Amino acid sequence: MPRVREYLGIDVLTAARERLRNVYETFDTVVVCFSGGKESLALLHLAKEAANAAGQAVVNVIFRDEELITQVVIDFVDHYRKLPWVRMLYFAVPLHSTEYVLGQNRGYVQWDLSRPHVRERPAFALTLPPGDTRVFDQYTMDDYAVGFFK
């Protein structure tokens, strides 16, 4: 059966606010994944509006430090981590990833415990306990991180 588009007759910002309001009204725990990029920054501020309208003073946030991120982005994320309305869990744990260089891609593990790191982990970053050798993928990482808010 073909899909038919239905136009809502509202702008994107209004639709985003309505959707977030619905999320905060529907779920007990809401968590925003924040990358430090402009889209997730916009979402974070819209989530703050929705959380406040729902009577919540803080927004739950997850940030996954991918190790190859520049210090400028780390500093920007850290600024948001320190805001009183943000409850951020900042993770720097082993995570399967892919790097693309000069048209080639290859797998690697972010924060691999068996090699020197590209940069130091921030002191405030959540890491795995000593002896825990798990390496997450995107889905298991999301499940692990969200579990901290339950």
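No experiment lies behind these values; they were computed from the predicted model shown.
Between Asp11 atom CG and Arg17 atom CZ the span is 8.5 Å, to the nearest 0.5 Å. Asp65 CG to Leu126 CG: the interatomic distance, rounded to the nearest 0.5 Å, is 11.0 Å. Considering CD of Glu67 and CZ of Arg121, their distance stands at 8.0 Å, rounded to 0.5 Å. To the nearest 0.5 Å, the span separating CG on Leu44 from CD on Glu39 amounts to 13.5 Å. Here the CZ atom belonging to Arg134 is positioned 5.5 Å from the CG atom belonging to Leu128, to the nearest 0.5 angstrom. Separation of atoms CZ (Arg19) and CZ (Arg21) is listed at 11.5 Å; rounding is to 0.5 Å.
At least one side-chain heavy atom of Val146 sits less than 4.5 Å from a side-chain heavy atom of Ile62. Taking the side chain as every heavy atom from C-beta outward, Val86 and Lys48 never approach each other to under 4.5 Å. Glu49 has its side chain within reach of Leu46: a pair of non-hydrogen atoms, C-beta onward, lies under 4.5 Å apart. You'll find the side chain of Phe76 reaches within 4.5 Å of the side chain of Leu41, heavy atoms only. A heavy-atom distance below 4.5 Å is found between the side chains of Arg64 and Asp142. Side-chain contact between Val32 and Leu43 is present, with at least one heavy-atom pair separated by less than 4.5 Å. In this structure, the side chains of Val77 and Ile74 stay at 4.5 Å or more apart for every pair of heavy atoms. The side-chain heavy atoms of Leu68 and Tyr108, taken from C-beta on, include a pair separated by under 4.5 Å.
Between Tyr80 and Tyr90, the ring centre distance reaches or exceeds 6.0 Å.
Taking hydrophobic clusters as Ile, Leu, Val, Met, Phe, Trp and Tyr residues chained together by side-chain heavy-atom distances below 4.5 Å, Val58 does not share a cluster with Phe27. At a threshold of 4.5 Å between side-chain heavy atoms, the hydrophobic network of Ile, Leu, Val, Met, Phe, Trp and Tyr places Val31 and Leu20 in two separate groups. Under a hydrophobic clustering in which Ile, Leu, Val, Met, Phe, Trp and Tyr are joined whenever their side-chain heavy atoms come within less than 4.5 Å, directly or via other members, Leu113 and Val118 fall into different clusters. A single hydrophobic cluster is seen to contain both Phe124 and Val61, as judged by linkage of ILVMFWY side chains at heavy-atom distances under 4.5 Å, directly or through other members. In the hydrophobic cluster analysis, where Ile, Leu, Val, Met, Phe, Trp and Tyr join through side-chain heavy atoms closer than 4.5 angstrom, Ile10 is grouped apart from Val12.
For the residue pair Asp143 / Thr140, no side-chain donor-acceptor distance below 3.5 Å is found, with atom types taken as modelled. Side-chain atoms of Gln71 and Asp75 form a donor-acceptor pair, as typed in the model, at a separation below 3.5 Å.
Nearest heavy atoms, Asn22 versus Thr26: O-OG1, 2.7 Å. Smallest separation of non-hydrogen atoms from Ala145 and Leu89: O-CD1, 4.1 Å.
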Contacts under 3.5 angstrom, residues 93-103 side chains, donor-acceptor by atom type, not counting sequence neighbours:
from  : atom 1 : to     : atom 2 : distance (Å)
Ser97 : OG     : Gln110 : NE2    : 3.1
Glu99 : OE2    : Arg106 : NE     : 2.3
Glu99 : OE2    : Arg106 : NH2    : 2.7

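Judged by the 6.0 Å distance and 45° axis criteria, Arg81 is not positioned over the aromatic ring of Phe63.
Within the 3.5 Å criterion, the main-chain N or O of Gln56 finds a donor-acceptor partner in the side chain of Asn52.
Atom CZ of Arg119 sits in a crowded spot, with more than 12 heavy atoms from other residues, nucleotides or ligands closer than 6.0 Å. Within a 6.0 Å radius of CD in Glu25, more than 12 heavy atoms belonging to other residues, nucleotides or ligands are found.
Pairs passing the side chain to side chain donor-acceptor pair (under 3.5 Å) check and including a residue from residues 28-38, sequence neighbours excluded, read Ser35-Ser40.
Of the residues listed (Trp111, Phe34, Phe148), the one engaging Phe91 in a ring pair (Phe, Tyr, Trp, His ring centres under 6.0 Å) is Phe148, and it is the only one.
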